[in-house]
Each structure stands twice: as structure tokens, then as C-alpha cells.
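Read through the structure below, which is laid out as C-alpha cells, and then see the notes.
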Amino acid sequence: MSVAQKKVIDDHCTNEWAGKTGTDWAKWEDEGRQKIMAAGSGHTVVTLTAPELDAWKKSSEPVYKKYADDVKAAGYDAEKVLGDLRKTLTKFDALAK
């Protein structure tokens with residue numbers, strides 16, 4: 001990869017760009033969900049109950065543990081990295097609550 005190609009990737013693979021892309025994508029999905037519910041299209045949109053959401057979060061704990069272990073193995077502070085990730089997800093209203 002040339003220096004110029006690497007610069008383009010580095011300039012656009014940032015948290016800021018991810019936030020822009022993610023925000024627009026989420027808005028598009030939310031609008032689509034509203035259209036589906038309003039159109040009577042026969043699709044079912046399910047909102048998780050608190051116990052279902054808790055079960056989903058619990059089932060994802062091994063993923064977080066593996067990620068934390070990998071981050072630590074790479075020589076980084078896993079708690080800081082995960083904390084920063086949660087802050088960024090919260091900032092963009094993308095953290096499952």
C-alpha cells in the first residue's frame with residue numbers, strides 16, 4: 001500500500017468517522033423500523049423485556065471476557081480500553097441499556 005493510500009485509510013478510519021457512519025446507519029434503521037410498524041406489513045418488531053435484555057447481556061459476557069483477555073495479551077489496559085469503548089458507545093447512544 002502506498003503512503004498516500006495509507007493516509008486516506010488512516011484519515012477515515014477514526015472514531016469520528018465511525019460515529020458519523022454509525023449515526024446515519026442507526027437513523028436509517030430506526031426510520032425503517034418505524035415504517036415497518038406503521039405500514040402493517042405483517043412484520044413483527046419485538047422490544048425485549050428487561051429480563052430478556054438481562055439474559056442477552058449475560059450471554060455476551062464471554063465475548064467481553066475474550067476481548068479483555070486479548071487486549072491484555074497485547075499489552076494494553078483492558079479496563080481502560082473497555083471503559084473508553086463504553087464511553088464512546090454511550091456518546092453515540094449505541095450502548096445497550
Side-chain angles (χ1 to χ4, degrees):
M1 178 179 316
S2 73
V3 172
Q5 290 169 323
K6 184 176 181 331
K7 180 171 178 6
V8 169
I9 291 172
D10 289 345
D11 287 349
H12 292 88
C13 291
T14 64
N15 287 342
E16 180 184 358
W17 274 97
K20 288 178 185 180
T21 304
T23 299
D24 290 342
W25 193 300
K27 181 180 177 209
W28 178 76
E29 285 185 351
D30 289 343
E31 289 170 354
R33 186 178 299 109
Q34 295 306 316
K35 286 179 185 177
I36 288 170
M37 291 189 308
S41 61
H43 293 281
T44 301
V45 177
V46 176
T47 302
L48 297 179
T49 64
E52 290 169 331
L53 184 56
D54 288 342
W56 178 82
K57 288 178 182 179
K58 184 165 180 56
S59 72
S60 67
E61 287 174 4
V63 175
Y64 277 100
K65 182 175 180 343
K66 168 94 170 76
Y67 180 76
D69 291 345
D70 290 348
V71 168
K72 286 177 191 173
Y76 297 98
D77 179 345
E79 290 304 315
K80 179 177 180 343
V81 171
L82 286 169
D84 289 347
L85 173 61
R86 286 185 184 104
K87 284 179 193 173
T88 300
L89 291 172
T90 300
K91 176 181 174 184
F92 293 102
D93 196 26
L95 183 67
K97 298 170 186 156

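These numbers come from the heavy atoms of this one structure, side chains and all, not from hydrogens, waters or symmetry mates. Since this is a predicted model, take the numbers as computed values, not measurements. Count residues from 1 along the sequence.
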At their closest point, which heavy atom of [X] faces which heavy atom of [Y], and how far apart are they?
| X | Y | result |
| --- | --- | --- |
| S2 | Q5 | N-OE1, 2.8 Å |
| T47 | E52 | O-OE1, 4.2 Å |
| V71 | A78 | CG1-CA, 3.7 Å |

For the atom pair CD (E79) and NZ (K72), what is the distance rounded to the nearest 0.5 Å?
6.5 Å
Can you tell me how far apart NZ (K6) and CG (D11) are? Round to the nearest 0.5 Å.
9.5 Å
Contacts of [X] that satisfy salt bridge (charged side-chain N to carboxylate O under 4.0 Å, His left out) - sequence neighbours left out:
| X | value |
| --- | --- |
| D69 | K65 |
| D24 | none |
| E29 | none |
| E31 | K27 |

Among residues at least two apart in sequence or on other chains, which ones pass side-chain contact (heavy atoms from CB on, under 4.5 Å) with V8?
H12
K80: which residues meet the side-chain contact (heavy atoms from CB on, under 4.5 Å) condition with it, sequence neighbours left out?
D77, D84
S60 side-chain N/O to V63 backbone N/O, donor-acceptor pair under 3.5 Å
no
One thing to verify: whether K66 and D70 come together as a salt bridge, which I'm taking to mean a side-chain N less than 4.0 angstrom from a carboxylate O.
yes
